[in-house]
Protein chains: 2
Amino acid sequence: MARLVAERADVIPLLAEAFRAYGYEGASLSRLCEKTGLGKGSLYHFFPGGKEEMAGAVLGEISHWFERQVFQPLDNLPPAEGVGAMLAAVDAYFQSGRRICLVGAFALDDTRDRFAMAVNGYFTRWQQALSGALQRLGFADVEADRHARAALSMIQGALVLSRALGNEQPFRDTITALTAQLRLPGA
Amino acid sequence: MARLVAERADVIPLLAEAFRAYGYEGASLSRLCEKTGLGKGSLYHFFPGGKEEMAGAVLGEISHWFERQVFQPLDNLPPAEGVGAMLAAVDAYFQSGRRICLVGAFALDDTRDRFAMAVNGYFTRWQQALSGALQRLGFADVEADRHARAALSMIQGALVLSRALGNEQPFRDTITALTAQLRLPGA
DNA sequence: TTTTTAGTTTACCGATCAGTACAGAATGTT
DNA sequence: AACATTCTGTACTGATCGGTAAACTAAAAA
């Protein structure tokens, strides 16, 4: 196999950065070329389906990362540890609020329709994994579901607010609040 | 004054709808013409500054609506009533989660840089108005600030999650939770 | 009724869009 | 060395982008 400077897998994080910065519609091919350092020929070689395949690959990569770093710890670790691992991973991944959630951003406009399955799956999987851990922590089923949904809401909202204000504090406060809220049923 | 089918003010909500659906970059002039029923010439007659002025006008209209329906009630009404008015207005405005917050959406990508002042102002004004009401409800200053930021986060996040899941429940639950949380200091 | 102003339509501009074609360079494999 | 495969750069396509120009219609003001 021939192999030059980059592999397909190496390009995906760079594409992710571009989609995060400009959104799906705003990420033109020329900007994607610029960010990746690849010409159109190379990009279309790796992603024959064009921009849609590139964004799909980015979403797949994100999903994969969360599966390993967040969802499986929630599933398999003792629940308190799993929740702790989730919060640590989330804080690291979103760089304390300086980095946005691409899946959440895609959900807000009509890009959602194009990637409805991926967007819905990401949040559904996360919600179910967290709810399961909370149930094992002693929350009643309905309460665990509600708390899990609320936690995802708070994280997404904190990312919006931190970006909007150019200030990490909303995100940091949210992680702190979640650390307290998700410990024991007696919230 | 000559006056045909539409006034400038009548066009702004239609533009808002387009920006909400497609985002700033995705809302092309042809789509804006389609949604408003106006030709390019008419649009540029009303908004000589082009797309940027259109989006600016939309943000101004939103800001104005929230000023009257949310911020001023928070400032001037008895605090419990003000908070109640805010939650009712928010629930109505966002149509129980089916409608997104354009300001939040703009905050997520590089559109934020273009409208940094409007985006920051919207959330700052809201946070301060809510914090003031909470202080008058008996919350300590720092706690009121924290609660206000958290409330805005929860609302924004609920909009993301409701859109992502195609389900009003996260938003409805959030309004319910906020109704309880923002009543008395003994949360 | 004539004039002025307000608003609309249409055609057009250069730039950029997503995507294609293809020749050639880099890297195996034999 | 010869060859095949993988990758890259460049030039191109037709379509659409945001924006402009100007002739035009409608209606209010004189």
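We name chains A, B, ... by the order of the sequence lines, and we start the count at 1 in each one.
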Could you work out which one of C:dG7, D:dT6, D:dG9 sits closest to the side chain of A:Ser42? D:dG9

Tell me which pairs pass side chain to side chain donor-acceptor pair (under 3.5 Å) where either residue lies in residues 37-48 of chain B, with sequence neighbours left out. none

Rounded to whole Å, NE2 of B:His45 lies from P of C:dA6 at a distance of 7 Å

Measure the distance from CZ on A:Arg31 to P on D:dC17 and round it to the nearest whole Å. 16 Å

Phosphate OP1/OP2 of C:dC17: any A:Ser30 side-chain N/O under 4.0 Å: yes

Out of curiosity, B:Arg146 CZ to B:Leu134 CG, how far, rounded to the nearest 0.5 Å? 11.5 Å

With sequence neighbours left out, the residues meeting salt bridge (charged side-chain N to carboxylate O under 4.0 Å, His left out) with A:Glu53 are A:Arg8

Rounded to the nearest Å, what distance is computed from the CG atom of residue A:Leu38 to the P atom of nucleotide D:dT8? 6 Å

Residue pairs fulfilling side chain to side chain donor-acceptor pair (under 3.5 Å) with at least one residue in residues 73-84 of chain B, sequence neighbours excluded: B:Asp75-B:Arg125

What is the distance from CE of B:Met54 to P of D:dG19, rounded to the nearest Å? 7 Å

Could you check how far CZ of A:Phe46 sits from P of D:dG9, rounded to whole Å? 11 Å

Please state how far atom CD in A:Glu7 lies from atom P in D:dT8, giving the value in whole angstrom units. 11 Å

Return the set of residues passing salt bridge (charged side-chain N to carboxylate O under 4.0 Å, His left out) with B:Arg136 (not counting sequence neighbours), or none when no residue passes. none

Rounding to an integer number of Å, can you tell me how far A:Glu25 CD sits from D:dC17 C1'? 12 Å

Ranking A:Ala27 and B:Gly37 by the position along DNA chain C of their nearest nucleotide, the one closer to 5' is B:Gly37

So what does B:Ser28 hit on the nucleic acid, given a heavy-atom distance under 4.0 Å: a base, only sugar-phosphate, or nothing? sugar-phosphate

Could you check how far CZ of A:Phe47 sits from C1' of D:dT8, rounded to whole Å? 15 Å

N/O contacts under 3.5 Å, protein versus nucleotides 19-22 of chain C?
unit_1	atom_1	unit_2	atom_2	d
C:dG19	OP2	A:Tyr44	OH	2.8
C:dG19	OP2	A:Lys51	N	3.4
C:dG19	O5'	A:Tyr44	OH	3.1
C:dG19	N7	A:Lys40	NZ	3.2
C:dG19	O6	A:Lys40	NZ	2.2

Taking atom types as modelled, is there a side-chain donor on A:Glu67 or A:Ser63 under 3.5 Å from an acceptor on the other? no

Going by side-chain hydrogen bond (donor to acceptor under 3.5 Å, both in side chains), name the residues that satisfy it together with A:Glu25, two or more places apart in sequence or in a different chain. none

Any pair with a residue in residues 82-101 of chain B that passes ring-ring contact (aromatic ring centres under 6.0 Å, His included), sequence neighbours left out, goes on the list, sorted by first then second residue, please. B:Trp65-B:Tyr93, B:Phe66-B:Tyr93

Enumerate the residues from residues 14-23 of chain A whose closest heavy atom to DNA chain D is under 4.0 Å, giving them by residue number; use none for an empty result. none

Which residues share a salt bridge (charged side-chain N to carboxylate O under 4.0 Å, His left out) with A:Asp173, sequence neighbours left out: B:Arg149

